[in-house]
Amino acid sequence: MARMPGATWRPIAGNYTPGGQVEVRGVVIHIMAGTLAGTDAWFRNQRAQASSHFGTGKKGALYQWVDTKDRAWAQGAGNRSWISVENEGKGGDELTPEQLDLNAHILAWAHKVHGVPLQVTNDPNGRGLGHHGMGGAAWGNHPACPGPQIVAQKAEIVRRAKLLVTPPSWREKFVEKAPVLRLGAKGSHVKTAHRLLDARGYPVGPGVDDMTFGDPMERRVRQFQAAKGLEADGVIGERTWIALSGF
Ligand SMILES: [Zn+2]
């Protein structure tokens with residue numbers, strides 16, 4: 001049995017093959033051409049004859065409909081060997097930042113649980129992160145799923161998945177060496193913290209000395225901590241460093 005921690009388990013009564021996953025070569029991404037709620041309802045309809053293992057919403061919801069020991073019905077001949085992910089949106093859309101993260105988490109999880117290599121593939125006989133259209137006629141002939149914009153984002157999903165599976169030893173060493181930073185601190189670690197705040201979407205702003213921990217930075221740190229469910233004390237300690245590092 002393999003259900004992904006953090007995914008909302010939304011079991012369906014049919015539209016899949018119990019025990020039918022023969023192997024897991026990788027993860028195949030799709031576009032719903034619809035909403036998460038609509039897809040959720042459709043998979044519960046016996047007439048659909050369709051399902052997928054996972055589904056993502058544009059704002060960050062993650063559903064799992066089918067256990068990965070079971071075969072979801074998403075991409076014809078590719079079903080028996082690939083885990084499937086349906087993404088909310090329509091043809092021509094890009095994945096949202098939330099969806100990029102969710103797909104990276106699914107790929108990282110598939111890497112740990114099923115040994116999927118963290119690489120892009122465009123080959124139905126390959127391994128890694130694939131997409132529906134690559135399977136051609138045998139996979140139901142859906143050349144436009146999930147569309148060129150999302151196919152171009154596969155490398156970014158792989159990059160994020162690699163960060164997620166960075167060995168803890170590296171993480172611990174980084175945090176061990178990072179000092180506690182508070183208002184008034186100076187130096188290269190402050191500069192690193194500036195960079196990480198920027199990367200997480202909390203830029204301290206232009207015209208600020210990035211070697212100094214000033215008031216604008218403290219405000220940003222508090223906002224970041226609040227958003228991450230951390231104590232918003234404006235001090236960069238171990239837990240804030242870990243969150244800033246994206247782990
Ligand atoms: Zn598809």
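Counting from 1, the numbers follow the sequence of the chain as shown.
Contact check for Asn87 versus Ile29: side-chain heavy atoms found under the 4.5 Å cut-off. The closest side-chain heavy-atom distance from Arg219 to Asp215 is below 4.5 Å. Proximity of His30 to Val85: side-chain heavy atoms (C-beta onward) are nowhere separated by under 4.5 Å. In this structure, Trp73 and Val66 have side chains that are not in contact, with every pair of non-hydrogen atoms separated by 4.5 Å or more. Taking 4.5 Å as the limit, every side-chain heavy atom of Ile236 sits out of range of all side-chain heavy atoms of Val180. Phe54 has its side chain out of reach of Glu86: every pair of non-hydrogen atoms, C-beta onward, lies at least 4.5 Å apart. Side chains of Met211 and Val190 form no contact here, defined as non-hydrogen atoms less than 4.5 Å apart. Side chains of Met32 and Pro146 form no contact here, defined as non-hydrogen atoms less than 4.5 Å apart.
Side-chain atoms of Arg160 do not come within 3.5 Å of backbone N or O of His105 as any donor-acceptor pair. A side-chain donor-acceptor contact under 3.5 Å links His111 to the backbone of Val116. Using modelled atom types, no side-chain atom of Arg220 and backbone atom of Val204 make a donor-acceptor pair closer than 3.5 Å. Using a distance-only test at 3.5 Å, with no hydrogens or angles considered, no donor-acceptor pair links the side chain of Ser51 to the main chain of Tyr16. Remark: side-chain polar atoms of His114 are not paired, donor with acceptor, to backbone N or O of Ala110 under 3.5 angstrom. Proximity of a side-chain donor or acceptor of Gln99 to a complementary backbone N or O of Gly60 within less than 3.5 Å is not detected. The closest donor-acceptor contact from the side chain of Asn15 to the backbone of Gln49 lies under 3.5 Å.
A salt bridge links Arg44 with Asp40: the closest approach of a Lys/Arg side-chain nitrogen to an acidic carboxylate oxygen falls below 4.0 angstrom. Here Asp209 does not pair with Lys186 in a salt bridge; the nearest charged N to carboxylate O distance is not below 4.0 Å. Residues Lys90 and Asp93 are paired through a salt bridge, judged by an N-O separation under 4.0 Å between the basic side chain and the carboxylate.
No chain of hydrophobic side-chain contacts below 4.5 Å, direct or via other Ile, Leu, Val, Met, Phe, Trp or Tyr residues, connects Val151 to Leu107.
Contact record, Met134 with Thr121: SD-O, 3.6 Å, taken as the closest heavy-atom pair. Taking each heavy atom of Asn122 and Val120 in turn, the nearest pair found is ND2-CG1, 4.3 Å. The shortest non-hydrogen separation linking Gln64 to Ala7 is CB-CB, 4.1 Å. Residues Gln75 and Ser84 come closest through the heavy atom pair OE1-CB, 3.6 Å. Pairing each heavy atom of Pro203 with each of Asp198, the nearest pair is CB-OD1, 3.2 Å. Shortest non-hydrogen contact noted between Val208 and His194 is CG1-NE2, 3.9 Å.
A distance of 6.5 Å separates OG1 in Thr240 from CG in Asp233, rounded to the nearest 0.5 Å. Summarising the geometry, atom CG belonging to Leu129 is positioned 9.5 Å from atom CG belonging to Leu118; distances are rounded to the nearest 0.5 Å. Taking CG of Leu197 as the start and CG of Asp210 as the end, the distance is 11.5 Å to the nearest 0.5 Å. How far CG of Leu95 is from CG of Leu100: 5.0 Å, rounded to the nearest 0.5 Å. Atom CG of Leu196 and atom CH2 of Trp241 lie 6.5 Å apart (nearest 0.5 Å). Here Glu94 contributes atom CD and Gln153 contributes atom CD; the two are 4.5 Å apart, rounded to the nearest 0.5 Å.
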* To do: Could you walk me through whether His131 and Ile150 pass the side-chain contact (heavy atoms from CB on, under 4.5 Å) test, one step at a time?
  => CA-CA 9 Å; His131 65 279; Ile150 294 176; over 6 Å; no
* **Lys154 and Asn103: CA distance, side-chain angles, deciding distance, side-chain hydrogen bond (donor to acceptor under 3.5 Å, both in side chains) verdict** => CA-CA 9 Å; Lys154 284 164 67 182; Asn103 280 274; over 6 Å; no
* Evaluate the criterion side-chain hydrogen bond (donor to acceptor under 3.5 Å, both in side chains) for residue pair Arg222 and Gln225; output intermediate values, then yes/no. => CA-CA 5 Å; Arg222 286 184 201 276; Gln225 289 171 321; 6.0 Å; no
* In sequence, state the C-alpha distance, the side-chain angles, and the governing distance for Leu181 and Val235, and then conclude on side-chain contact (heavy atoms from CB on, under 4.5 Å). => CA-CA 6 Å; Leu181 298 179; Val235 176; over 6 Å; no
* Report the C-alpha distance between Glu88 and Thr39 in whole Å, list the side-chain angles of each, state the deciding distance to 0.1 Å, and finish with yes or no for side-chain contact (heavy atoms from CB on, under 4.5 Å). => CA-CA 8 Å; Glu88 183 173 60; Thr39 301; over 6 Å; no
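Around NZ of Lys191, the count of heavy atoms belonging to other residues, nucleotides or ligands within 6.0 Å does not exceed 12. Crowding of Glu238 atom CD: a count of heavy atoms from other residues, nucleotides or ligands under 6.0 Å not exceeding 12.
Geometrically, Arg10 engages Tyr63 in a cation-pi contact, judged by NZ or CZ lying under 6.0 Å from the ring centre and within 45° of the ring axis.
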Would you be so kind as to tabulate the donor-acceptor pairs closer than 3.5 Å made by side chains of residues 19-28, with sequence neighbours excluded?
residue	atom	partner	partner atom	Å
Gln21	NE2	Glu23	O	3.3
Gln21	NE2	Asn79	O	3.1
Gln21	NE2	Arg80	O	3.2
Gln21	NE2	Trp82	O	3.4
Glu23	OE1	Arg25	NH1	3.3
Glu23	OE2	Ser81	OG	3.0
Arg25	NE	Gly126	O	2.9
Arg25	NH2	Asn125	O	2.9

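Between the side chains of His142 and His132, no donor N or O sits under 3.5 Å from an acceptor N or O.
Residues Phe43 and Trp65 place their aromatic rings such that the two centres sit under 6.0 Å apart.
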